[in-house]
Amino acid sequence: QVHLMESGGGSVQTGGSLTVSCVVSPYNGGTGCMGWFRQAPGKEREGVATIYNGQNPYYTDSVKGRFTISQDNAKSTLVLQMGSLKPEDSAMYLCAADRRLAWFRCAELRSSAFRNWGQGTQVTVSS
């Protein structure tokens, strides 16, 4: 069983930056697919960014150029750096991991494909 624990959420003004992190255990060298999803009240869970084997990142269009997903293998951590934040980025951010996913499934950013989830960390962007 994989355990994921997010941290780093908070409140920021429009245009600001925030970094959220997710410790993954067991980390298994960071192989497979890991990703960040978000869910706002009354909305469906949305794929934000995923990364395959720590090398190939995929982003939803609305965050391209503003968010960066990465892995810190020394700390067994998945990281999402968020910049130029907008009020519409406000949501609960959840990390997910699944070693069995092929790269093309990872690239789809579909929440239904992932078996392992964290509890989430809240990000609020005020105007």
Side-chain angles (χ1 to χ4, degrees):
Q1 186 174 358
V2 181
H3 184 252
L4 301 97
M5 178 66 74
E6 301 94 337
S7 62
S11 297
V12 65
Q13 291 188 328
T14 297
S17 300
L18 205 60
T19 296
V20 289
S21 301
C22 175
V23 177
V24 182
S25 179
Y27 190 66
N28 294 313
T31 56
C33 184
M34 298 185 186
W36 286 97
F37 294 78
R38 64 188 179 188
Q39 189 164 18
K43 294 188 176 181
E44 292 188 356
R45 189 167 295 184
E46 174 191 24
V48 176
T50 57
I51 186 165
Y52 184 72
N53 282 348
Q55 296 180 351
N56 302 296
Y58 307 98
Y59 299 95
T60 192
D61 287 346
S62 64
V63 307
K64 285 180 181 177
R66 300 190 297 123
F67 291 13
T68 301
I69 188 171
S70 63
Q71 293 178 207
D72 184 339
N73 292 337
K75 297 181 179 180
S76 302
T77 299
L78 178 69
V79 180
L80 184 69
Q81 296 174 287
M82 303 180 287
S84 301
L85 283 161
K86 306 174 182 180
E88 51 264 43
D89 294 317
S90 296
M92 181 70 75
Y93 280 71
L94 306 101
C95 66
D98 202 314
R99 293 187 67 199
R100 66 176 182 169
L101 292 181
W103 70 267
F104 53 90
R105 292 296 181 214
C106 194
E108 290 176 339
L109 281 80
R110 283 196 304 168
S111 61
S112 59
F114 288 80
R115 294 179 296 175
N116 306 296
W117 291 87
Q119 294 297 310
T121 185
Q122 181 68 37
V123 171
T124 303
V125 184
S126 59
S127 57

Can you list every salt bridge (charged side-chain N to carboxylate O under 4.0 Å, His left out) pair that touches residues 109-121, not counting sequence neighbours?
D98-R115, E108-R110

Could you name each residue pair satisfying salt bridge (charged side-chain N to carboxylate O under 4.0 Å, His left out) that touches residues 49-58, not counting sequence neighbours?
none

Quick one: which residue pairs count as a ring-ring contact (aromatic ring centres under 6.0 Å, His included) with a foot in residues 91-127, not counting sequence neighbours?
F37-F114, F37-W117

Summary of side-chain hydrogen bond (donor to acceptor under 3.5 Å, both in side chains) pairs that have at least one residue in residues 46-59, sequence neighbours excluded
R38-E46

Which donor-acceptor pairs under 3.5 Å do the side chains of residues 8-30 make with protein atoms, sequence neighbours left out?
{"from": "T14", "atom 1": "OG1", "to": "S126", "atom 2": "O", "distance (Å)": "2.9"}
{"from": "Y27", "atom 1": "OH", "to": "Q71", "atom 2": "NE2", "distance (Å)": "3.0"}
{"from": "Y27", "atom 1": "OH", "to": "N73", "atom 2": "OD1", "distance (Å)": "2.5"}

If two hydrophobic side chains count as joined below 4.5 Å and joins carry through other members, does V63 share a cluster with V125?
yes

Kindly work out whether a path of hydrophobic side-chain contacts (I/L/V/M/F/W/Y, heavy atoms less than 4.5 Å apart) joins L4 to V48.
yes

Can you give me the closest heavy-atom contact between S90 and A40, atom names plus distance?
O-CB, 3.9 Å

Nearest 0.5 Å please: distance from the CG atom of L101 over to the CE atom of M34.
11.5 Å

List the atom of I69, the atom of P57, and the distance in Å for their closest heavy-atom pair.
CG2-CB, 3.7 Å

Only pairs under 3.5 Å count here: list side-chain donor-acceptor contacts from residues 75-86, not counting sequence neighbours, and write none if there are none.
{"from": "T77", "atom 1": "OG1", "to": "K75", "atom 2": "O", "distance (Å)": "2.7"}

Rounded to the nearest 0.5 Å, how far does CD of Q39 lie from CE of M92?
9.0 Å

Distance from D89 atom CG to R66 atom CZ, nearest 0.5 Å?
4.0 Å

If you look at every heavy atom in S70 and I51, which pair is closest and at what distance?
CA-CD1, 4.2 Å

C95 SG to E6 CD distance, which is reported to the nearest 0.5 Å:
3.5 Å

Can you tell me if Q119 has over 12 outside heavy atoms packed within less than 6.0 Å of its CD?
no

